[in-house]
Enquirer: 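Provided herewith is a single structure, encoded as structure tokens, for subsequent inquiry.
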Amino acid sequence: MPESGATERADRSFFNRDPVVVARRLLGQRLVRRYRGIRTSGIIVETEAYLGVADRAAHTYGGRHTRRNRSMWNIGGHAYVYFVYGMHCCMNVVAGRAEQPVAVLLRALQPEQRMDTMHRRRSAARRDVDLCSGPGKLCQAMAIDRRLDGVDMVSDNRLFVELLRRRQLPTRTIAVGPRVGVDYAGEWAQEPLRFAIAGNAHVSRPRPEAGNS
DNA sequence: CCCGTGATTTAT
DNA sequence: TAAATCACGGGG
């Protein structure tokens, strides 16, 4: 593998904190997926925070505890993968402390390793920037589906995060905006809970504006 | 802009 | 049991 081996894997303490902090700190880190002997990876360039019981846009709004959102009630570091619109999967990383059903949706990656495999899995993608520029796209490119719902990313070898930087990116390089596709959530739809690396070509549309803290 | 697509949720 | 919903993506 072309890895240096010195890369540090995100541990429990990385995830056991405020979801907004996790969402910002995930930017610039690496998501790794191992499947059938192939290691695909990408740099996380776009995230959204979901704040749990009080957040009308969250699947756990109002304390809902259903079969689908079961893993969102798990402790930080677990994956929450769900199926939506009859054909797509979306992947979240559970954050917060125990019994806080909060999570971070991974919305886009800058593909890094095995882009050939990603193109094979996503024939509709004509260009590299179409591979992982959306929550459903990245799941398809990385072979992430409901079989990975509930896995512990701190200990599982199939899906995990590698830390490429110890610090969060400089605040001015993080673009902030309202979350995508949650118009049903009333005032919560306007909250600035979407984060992206400013100027990165792999961020999904519409792009949040840079310059917001 | 519209529409597929089907599991999940929510209303009867 | 039935109806509505949906943290999306692709094509026109």
Side-chain angles (χ1 to χ4, degrees), chain A residues 15 18-20 22-24 26-27 31 42 44-74 76 78-96 100-111 115 118-150 153 159 175-196 201-208:
Chain A
F15 300 106
D18 184 283
V20 170
V22 175
R24 301 184 90 114
L26 277 170
L27 296 176
L31 180 72
I44 298 167
V45 299
E46 182 186 350
T47 60
E48 281 177 358
Y50 285 84
L51 305 193
V53 177
D55 179 0
R56 196 167 159 195
H59 289 165
T60 50
Y61 172 63
R64 282 202 292 273
H65 198 304
T66 65
R67 173 114 113 260
R68 178 180 67 166
N69 71 20
R70 183 175 79 257
S71 48
M72 211 173 144
W73 290 88
N74 225 321
H78 288 257
Y80 168 41
V81 182
Y82 69 92
F83 187 68
V84 74
Y85 287 113
M87 56 186 99
H88 306 293
C89 287
C90 292
M91 177 193 166
N92 294 254
V93 175
V94 179
Q100 291 184 326
V102 299
V104 176
L105 173 69
L106 302 187
R107 284 198 59 88
L109 307 176
Q110 176 172 326
M115 294 177 41
M118 296 189 196
H119 273 288
R120 176 165 50 75
R121 292 172 180 162
R122 276 187 46 68
S123 53
R126 319 298 289 265
R127 309 164 299 160
D128 294 346
V129 290
D130 299 321
L131 286 175
C132 298
S133 52
K137 296 178 188 177
L138 78 87
C139 283
Q140 191 180 10
M142 300 279 283
I144 294 166
D145 60 30
R146 281 169 295 175
R147 298 195 296 269
L148 293 175
D149 182 37
M153 300 178 70
L159 185 66
V176 182
R179 294 172 292 184
V180 176
V182 295
D183 291 345
Y184 58 85
E187 303 202 335
W188 279 92
Q190 315 304 324
E191 289 295 309
L193 293 172
R194 180 181 181 214
F195 308 96
H202 297 80
V203 173
S204 72
R205 322 260 174 163
R207 302 241 171 88

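The analysis underlying the following values was restricted to heavy atoms, covering all of them including side chains, and did not include hydrogens, waters or symmetry mates. Numbered from 1 within each chain, the chains take letters A, B, ... in sequence-line order.
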Enquirer: Measure from CD on A/Glu48 to P on C/dC8 and round the result to the nearest Å.
Expert: 7 Å
Enquirer: Is there a side chain to side chain contact (heavy atoms under 4.5 Å, CB included) between A/Val102 and A/Val94 once you walk through the steps?
Expert: CA-CA 6 Å; A/Val102 299; A/Val94 179; 5.9 Å; no
Enquirer: In whole angstrom, give me the gap between the P atoms of C/dC6 and B/dT12.
Expert: 16 Å
Enquirer: Please check the phosphate of B/dT9 (OP1 and OP2 only) for any side-chain N or O of A/Thr66 closer than 4.0 Å.
Expert: yes
Enquirer: Rounding to an integer number of Å, can you tell me how far A/Tyr80 OH sits from B/dT8 C1'?
Expert: 10 Å
Enquirer: Just the rounded figure in Å: distance from C1' of B/dT8 to OH of A/Tyr184.
Expert: 13 Å
Enquirer: Does the side chain of A/Asp149 pick up a donor-acceptor pair with the side chain of A/Ser71 at under 3.5 Å?
Expert: yes
Enquirer: Could you check how far CZ of A/Arg205 sits from P of B/dC1, rounded to whole Å?
Expert: 17 Å
Enquirer: Check every atom of B/dT9, C/dA7, C/dC8 against the side chain of A/Tyr85 and return the nucleotide holding the closest atom.
Expert: C/dC8
Enquirer: Given atom CZ of A/Arg147 and atom P of B/dA7, what is their separation to the nearest angstrom?
Expert: 16 Å
Enquirer: With a 4.0 Å heavy-atom cut-off, tell me which residues in residues 118-130 of chain A come close to DNA chain C, sorted by residue number.
Expert: A/Arg122, A/Ala124
Enquirer: If you check the A/Met87 side chain, which of B/dG4, B/dT9, C/dC8 turns out closest?
Expert: B/dG4
Enquirer: What is the distance, to the nearest angstrom, from the CG atom on A/Asp183 to the C1' atom on C/dT5?
Expert: 14 Å
Enquirer: Provide, to the nearest angstrom, the distance between the CD atom belonging to A/Glu191 and the P atom belonging to C/dA7.
Expert: 18 Å
Enquirer: In dot-bracket form, how is DNA chain B paired, counting a Watson-Crick or G-U wobble pair only if both its distances are under 3.5 Å and using | for bases paired to another strand?
Expert: ||||.||||||.
Enquirer: Can a side chain N or O of A/Arg64 be found less than 4.0 Å away from OP1 or OP2 on B/dT10?
Expert: yes
Enquirer: Taking the P atom in each of B/dT8 and C/dG10, what is the distance between them to the nearest angstrom?
Expert: 22 Å
Enquirer: Report the residue (A/His59 or A/Gln140) whose heavy-atom-nearest nucleotide on DNA chain C is the more 5′ of the two.
Expert: A/His59
Enquirer: Between A/Gln140 and A/Arg121, is there a donor-acceptor pair closer than 3.5 Å when you use the side chain of the first and the backbone of the second?
Expert: yes
Enquirer: Looking only at non-hydrogen atoms, find the nearest pair between A/Arg122 and A/Asp130 and report the distance.
Expert: NH2-O, 2.8 Å
Enquirer: Could you check A/Phe195 against A/Val20 for side chain to side chain contact (heavy atoms under 4.5 Å, CB included), going step by step and ending with a plain yes or no?
Expert: CA-CA 9 Å; A/Phe195 308 96; A/Val20 170; 3.8 Å; yes
Enquirer: With side chain to side chain contact (heavy atoms under 4.5 Å, CB included) as the criterion, how do A/Cys89 and A/Ile144 come out once you've worked through the C-alpha distance, each side chain's angles and the decisive distance to 0.1 Å?
Expert: CA-CA 8 Å; A/Cys89 287; A/Ile144 294 166; 5.8 Å; no
Enquirer: Give me the one residue out of A/Arg107, A/Arg179, A/Lys137, A/Arg205 that meets salt bridge (charged side-chain N to carboxylate O under 4.0 Å, His left out) with A/Glu46.
Expert: A/Arg107
Enquirer: If I take atom CD from residue A/Glu48 and atom SG from residue A/Cys90, how far apart are they, to the nearest 0.5 angstrom?
Expert: 9.5 Å
Enquirer: Take A/Arg68 and A/His88, find for each the nucleotide of DNA chain B with the closest heavy atom, and name the residue whose nucleotide sits nearer the 5' end.
Expert: A/His88
Enquirer: Check whether the aromatic ring of A/Phe83 stacks on the base of B/dG6, taking stacking as ring centres less than 5.5 Å apart and planes within 30° of each other.
Expert: no
Enquirer: Roughly how far apart, to the nearest Å, are B/dA11 and C/dA7 at atom P?
Expert: 16 Å
Enquirer: Tell me the interatomic distance from A/Asp149, atom CG, to B/dA7, atom P, rounded to whole angstroms.
Expert: 16 Å
Enquirer: With distance as the sole criterion, is a donor-acceptor pair present between the side chains of A/Arg127 and A/Ser133 under 3.5 Å?
Expert: no
Enquirer: Which atoms form the tightest heavy-atom contact between A/Arg64 and A/Asn69, and what is the distance?
Expert: O-ND2, 3.1 Å
Enquirer: Would you kindly compare A/Asn69 and A/Val84 by the position of their nearest DNA chain B nucleotide and give the one closer to the 5′ end?
Expert: A/Val84
